[in-house]
*Asks:* 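Have a look at this one.
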Amino acid sequence: MRHGACRSEIGIVRTEFSDLAAPAIAPRRRPGVDEQNEVLHKLRHSTSHVMAQAVLERFPEAKLAIGPAIEDGFYYDFDLPRALTPEDLQAIEGRMRELIPQGQPFEYREVSEAEARSLFAGQPYKLELIDDIVKLGRNEYGEADEGPPTLSIYRHGSFVDLCRGPHVSNTREINPKAVKLLSIAGAYWRGKEDRPMLQRIYGTVFQTREGLDAHLAKLAEIDRRDHRKLGKELDLYSTHEIGGAGLIYWHPKGALIRETIENFWRQVHRKRGYDIVYSPHIGRVDLWKISGHWDFYRESMYSPIDIDGIQYLLKPMNCPFAVLMYKTRTRSYRDLPLRWGELGTVYRYERSGVLHGMLRVRGFTQDDAHIFCRPDQLMNEIVGVLDLAFFMLRTFGYEQFDVELSVRDEEHKGKFIGEDSVWQNAESALHEALKLRNVPYKVMPGEAKFYGPAIDIKMRDALGRGWQGPTIQVDFNFPERFDLKFVGEDGQDRRPVMVHRTVLGSMERFVGGLIEHYAGAFPVWLAPVQVKVIPIADRHNDYARQVLTRLLEADIRAEVDDTADRMNAKVRKAQMEKVPYMLVMGDKEVEAGTVSVRLRSEENLGPKPLDEFISLVQQAIAEKKNP
RNA sequence: GCCCUCGUAGCUCAGUCGGUAGAGCACAUUCUUGGUAAGAAUGGGGUCACCGGUUCAAAUCCGGUCGAGGGCUCCA
């Protein structure tokens, strides 16, 4: 008999326990798994058991940890005598295809603690889980469960696992052709760094081969859109070993995209009552001591720089500088709100293993802003930021959002700074703002920052993936620490409220996300090269340059390809550069004074007068649309 | 930071059993002046990431460092 333990379903007590009646329990880090599709969830969970069975056959001494279904698949964690190889993965997958048709029924049974301990005597991780279930009445997430603890096992064939289920009734319900093991990865036992490092096998299964193929096609599409790959191919950015990890070099074309975004950002902010400021990149350590970063954020900050015996820190955040500017004069209630936007470049220490292209870096430019306002203005300010945020994101083609409101936890008030009344005011301001704009949102109790409640917006990209977007944080801490004041109507000093917010997040992460969202085919207004002018033969080069001049005069970003390549090759190159418009010109066009328009979509619009083409492009730019 | 994998020409990659390197693309030159996704020939280009070790001999084996990738943990 072989033993294992699976993660998500262990020993949870329900009175009438059966697979069908079993409540849907989503693993914490990947929510929404089985809410929509319990069938797939059961299938995946069951397949993870079959995988564990195959692993145990290959490594009888394996220690099993947990093996839940997750979004898009499943995994199982093992403690093995040696590192797994891709060959192991193949062999395990092959063995699974043999085990599945054996038609082994899944059998559920509740067991006593003593029986559980003897069944899993050689399985330390399992025993630890039993301990927690029995002694603490907690599941594997450390969450308390209702009712008396119950231990349950699932058996199929030679494999027994400590498990709450649910499972399919028989392995035959799994389609062996729709099973695929995907990758091997390291994972800490229970996700804790001080616990042993286990080997995790990720896999997936669908009801049909077609379902699996569609999923694999999506994975290939994700790969195709990878911003690191496209960033190199499109010559947008680079990183350099000799330059240091996690630092982005923006090449001319990437810089042009960024510049376009930043110009748009400034324009939008000014229209909405923001002023734009700049602040230094370093500041004395004393500043960071007052702000609290020295105590609470030190692990993300770089070592001090000594200047004439005084210690300075590279800034990980822009906010203390905004505060200093606020304090340069006495502020009246009439001056508020002050909205100060800043494209501020910050540097944060990130552990080497988490760095990832443009998405996770050590130096980045936030599209930051700090709003200083009266408590009674807070709601309006939040509404203003929400409107701004959604307007910006929709402009960049994001249409779907998930909004979270992080508030204080009533039971742990001690963790949060500030008066009850101030918190209540702030939290209700955020609720009201979201309601006023009919934004659906999820309340996250206890997830507030220690200095105030926050709204986080995630946007979904073209592939439905979620990206961290705008964040709006109310702050009572800074005004306190820096003793910020404004003079009220009655002449008394009052405490302003501060709002920290970003809309795009950081230029690095946002552009990295945009590359993947658009698969490198940027809408015309963002495309680094908007028009490629393609003369067919050398004798058309002069005409091509005349056309180029006209385009440049019309503020259109254009290039002439006057290389010795054939026209076909020039078209191909422009296609691969994902240039929205190609203008092909030969004898006919020179004669007629026209340009032949080919779109990136491969649509051929045929010859057009140049003026007509220019207004076409200008319109596409103005509307921020694709051709 | 931790586990696993990887680092060969500007890019994408071959390189068997240890015997001091190859292709395609790109680039340069020449020929070709071609109507909507690759015209042809010739040529230049590598301290095989870096440091050290084993060996008569290291791209290849071993150790370390740096960097990258898949994860864990953490975040804009």
Side-chain angles (χ1 to χ4, degrees), chain A residues 29 75 77 79-80 82-86 88 182-202 223 226 228-229 232-233 235 238-246 297 299-300 316-318 344-346 348-368 456 467-471 500-510 512-513 532 534-541 563-577 582-589 596-600 602-607:
Chain A
R29 290 195 183 79
Y75 68 79
D77 287 346
D79 195 342
L80 299 173
R82 65 168 173 82
L84 287 166
T85 64
D88 288 323
L182 296 169
S183 61
I184 305 163
Y188 299 110
W189 166 234
R190 299 201 145 178
K192 291 183 182 144
E193 287 181 64
D194 54 347
R195 306 306 303 272
M197 176 64 72
L198 307 172
Q199 296 191 67
R200 174 173 296 178
I201 302 177
Y202 281 100
D223 199 47
D226 192 309
R228 294 164 300 181
K229 192 174 158 182
K232 193 180 283 180
E233 285 171 8
D235 197 14
S238 58
T239 58
H240 300 272
E241 180 172 340
I242 193 72
Y297 208 69
E299 72 284 359
S300 296
M317 291 188 187
N318 304 300
T345 304
V346 298
R348 299 182 187 171
Y349 172 72
E350 298 283 358
R351 301 162 110 195
S352 62
V354 306
L355 300 175
H356 182 87
M358 301 180 100
L359 300 183
R360 192 73 182 270
V361 295
R362 285 179 173 158
F364 55 96
T365 300
Q366 292 183 301
D367 70 311
D368 213 349
D456 289 301
W467 297 74
Q468 175 61 50
T471 168
H500 309 247
R501 44 110 288 185
T502 64
V503 171
L504 308 178
S506 73
M507 299 314 297
E508 286 75 10
R509 184 174 282 185
F510 189 73
K532 184 77 91 172
I534 299 176
I536 290 176
D538 287 351
R539 65 179 178 280
H540 309 123
N541 284 356
T563 60
D565 282 325
R566 295 182 63 209
M567 183 260 323
N568 291 284
K570 292 179 185 179
V571 169
R572 178 169 185 269
K573 277 199 295 188
Q575 282 286 151
M576 291 197 304
E577 288 169 27
M582 284 149 263
L583 297 185
V584 176
M585 49 203 60
D587 293 338
K588 282 181 266 180
E589 287 77 12
S596 236
V597 184
R598 176 189 163 110
L599 304 183
R600 179 170 61 191
E602 298 187 32
E603 190 183 350
N604 196 336
L605 300 186

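So you know, we letter chains A, B, ... as the sequences are listed, proteins then strands, and number each from 1.
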*Asks:* Please classify the nucleic acid contact of A:Glu233 as base, sugar-phosphate, or nothing, using heavy-atom distances under 4.0 Å.
*Replies:* nothing
*Asks:* For the base of B:G71 and the side-chain ring of A:Tyr202, does the geometry meet a stacking cutoff of under 5.5 Å between centres and under 30° between planes?
*Replies:* no
*Asks:* Going through the checks in order, is the side-chain hydrogen bond (donor to acceptor under 3.5 Å, both in side chains) test met by A:Glu589 and A:Ser596?
*Replies:* CA-CA 7 Å; A:Glu589 287 77 12; A:Ser596 236; 3.2 Å; yes
*Asks:* Using every non-hydrogen atom in the two residues, find where A:Arg362 and A:Ala245 come nearest and quote the distance to one decimal.
*Replies:* CD-O, 3.8 Å
*Asks:* B:G46 and B:C11: how far apart are their C1' atoms, nearest whole angstrom?
*Replies:* 14 Å
*Asks:* Within the structure shown, what part of the strands sits under 4.0 Å from A:Gly505 by heavy-atom distance: base, sugar-phosphate, or nothing?
*Replies:* sugar-phosphate
*Asks:* For B:C51 and B:U8, measure between their P atoms and round to the nearest Å.
*Replies:* 16 Å
*Asks:* Listed by chain and number, what are the side-chain contact (heavy atoms from CB on, under 4.5 Å) partners of A:Ala187, not counting sequence neighbours?
*Replies:* A:Asp77, A:Arg200
*Asks:* Partners of A:Trp189 by ring-ring contact (aromatic ring centres under 6.0 Å, His included), sequence neighbours excluded?
*Replies:* A:Tyr125
*Asks:* Hey, is the side chain of A:Ser352 poking within less than 4.0 Å of OP1 or OP2 on B:G1, counting only N and O atoms?
*Replies:* yes
*Asks:* Decide yes or no, distance alone: a donor-acceptor N/O pair under 3.5 angstrom between the base of B:C72 and the side-chain of A:Arg351.
*Replies:* no
*Asks:* A:Tyr349 side chain N/O closer than 4.0 Å to the phosphate oxygens (OP1, OP2) of B:C74?
*Replies:* no
*Asks:* Is there a side-chain contact between A:Gln199 and A:Asp88 (heavy atoms, below 4.5 Å)?
*Replies:* no
*Asks:* Tell me, which stems hold RNA chain B, with a stem being 3 or more Watson-Crick or G-U pairs in a row and both distances under 3.5 Å?
*Replies:* B:1-7 with B:66-72, B:10-13 with B:22-25, B:27-31 with B:39-43, B:49-53 with B:61-65
*Asks:* Could you tell me which residues satisfy ring-ring contact (aromatic ring centres under 6.0 Å, His included) with A:Tyr349, sequence neighbours excluded, listed by chain and number?
*Replies:* none
*Asks:* Quote, to the nearest angstrom, the C1' distance that separates B:G53 from B:U5.
*Replies:* 24 Å
*Asks:* Find the distance between NE2 (A:His500) and CE (A:Met317) and round it off to the nearest 0.5 Å.
*Replies:* 8.5 Å
*Asks:* Can you identify which nucleotide, out of B:G70, B:G67, B:C2, has its nearest atom closest to the A:Ala185 side chain?
*Replies:* B:G70
*Asks:* Only counting residues at least two apart or in another chain, list the ones meeting side-chain contact (heavy atoms from CB on, under 4.5 Å) with A:Ile536.
*Replies:* A:His540, A:Met567, A:Val584
*Asks:* Reading RNA chain B from 5' onward, which residue's closest nucleotide shows up sooner: A:Met197 or A:Leu355?
*Replies:* A:Met197
*Asks:* For the P atoms, the ones on B:G44 and on B:A57, what distance do you get once it is rounded to whole angstrom?
*Replies:* 32 Å
*Asks:* Just checking A:Val346: base, sugar-phosphate only, or nothing, at a heavy-atom cut-off of under 4.0 Å?
*Replies:* nothing
*Asks:* What's the CG-P distance between A:Asn541 and B:U33, to the nearest Å?
*Replies:* 15 Å
*Asks:* Can you tell me how far apart CG (A:Asp223) and CZ (A:Arg228) are? Round to the nearest 0.5 Å.
*Replies:* 8.5 Å
*Asks:* Return the value, rounded to whole Å, for the distance between atom CG of A:Asp194 and atom C1' of B:C72.
*Replies:* 13 Å
*Asks:* NA contact type, A:Arg348, heavy-atom cut-off 4.0 Å: base, sugar-phosphate, or nothing?
*Replies:* base
*Asks:* Encode nucleotides 34-45 of chain B as B, S and - characters from 5' to 3', where the letter depends on protein heavy atoms closer than 4.0 Å: B to the base, S only to sugar-phosphate, - to neither.
*Replies:* BBBBBB------
*Asks:* Rounding to the closest angstrom, what is the interatomic distance between B:U32 and B:A41 at atom P?
*Replies:* 16 Å
*Asks:* Apply side-chain contact (heavy atoms from CB on, under 4.5 Å) to A:Ser183 and list each qualifying residue two or more places apart in sequence or on a separate chain.
*Replies:* A:Tyr202
*Asks:* Rounded to the Å, how far apart are A:Asp79 CG and B:C4 P?
*Replies:* 12 Å
*Asks:* Starting from C1' on B:G69, measure out to CZ on A:Arg360 and report it in whole angstrom.
*Replies:* 16 Å
*Asks:* Between atom NE2 in A:His500 and atom C1' in B:C75, what is the gap in whole Å?
*Replies:* 17 Å
*Asks:* Rounding to an integer number of Å, can you tell me how far A:Lys229 NZ sits from B:G70 P?
*Replies:* 13 Å
*Asks:* Among all residues two or more places apart in sequence or in another chain, which pass the side chain to side chain donor-acceptor pair (under 3.5 Å) test with A:Arg501?
*Replies:* A:His269, A:Tyr274
*Asks:* Checking A:Asn568 now: which residues fulfil side chain to side chain donor-acceptor pair (under 3.5 Å) with it, not counting sequence neighbours?
*Replies:* none
*Asks:* Starting at CG of A:Leu359 and ending at P of B:G70, how long is that distance when rounded to a whole Å?
*Replies:* 10 Å
*Asks:* Mind calculating the distance between CD (A:Gln366) and C1' (B:C75) to the nearest angstrom?
*Replies:* 11 Å
*Asks:* Under the salt bridge (Lys or Arg N to Asp or Glu O under 4.0 Å) rule, collect the residues that match up with A:Glu603, sequence neighbours excluded.
*Replies:* none
*Asks:* Between B:C74 and B:C27, how far apart are the two C1' atoms, rounded to whole Å?
*Replies:* 44 Å
*Asks:* Residues in side-chain contact (heavy atoms from CB on, under 4.5 Å) with A:Arg598, at least two apart?
*Replies:* A:Val571, A:Gln575, A:Met582, A:Glu602
*Asks:* If we take the P atom in both B:G69 and B:G34, what is their distance in whole Å?
*Replies:* 47 Å
*Asks:* Provide the distance between the two P atoms, one in B:C50 and one in B:G67, to the nearest whole Å.
*Replies:* 15 Å
*Asks:* Tabulate atom names and distances for all N/O pairs under 3.5 angstrom spanning the protein and nucleotides 5-14 of chain B.
*Replies:*
unit_1: B:U12; atom_1: OP1; unit_2: A:Lys232; atom_2: NZ; d: 3.1

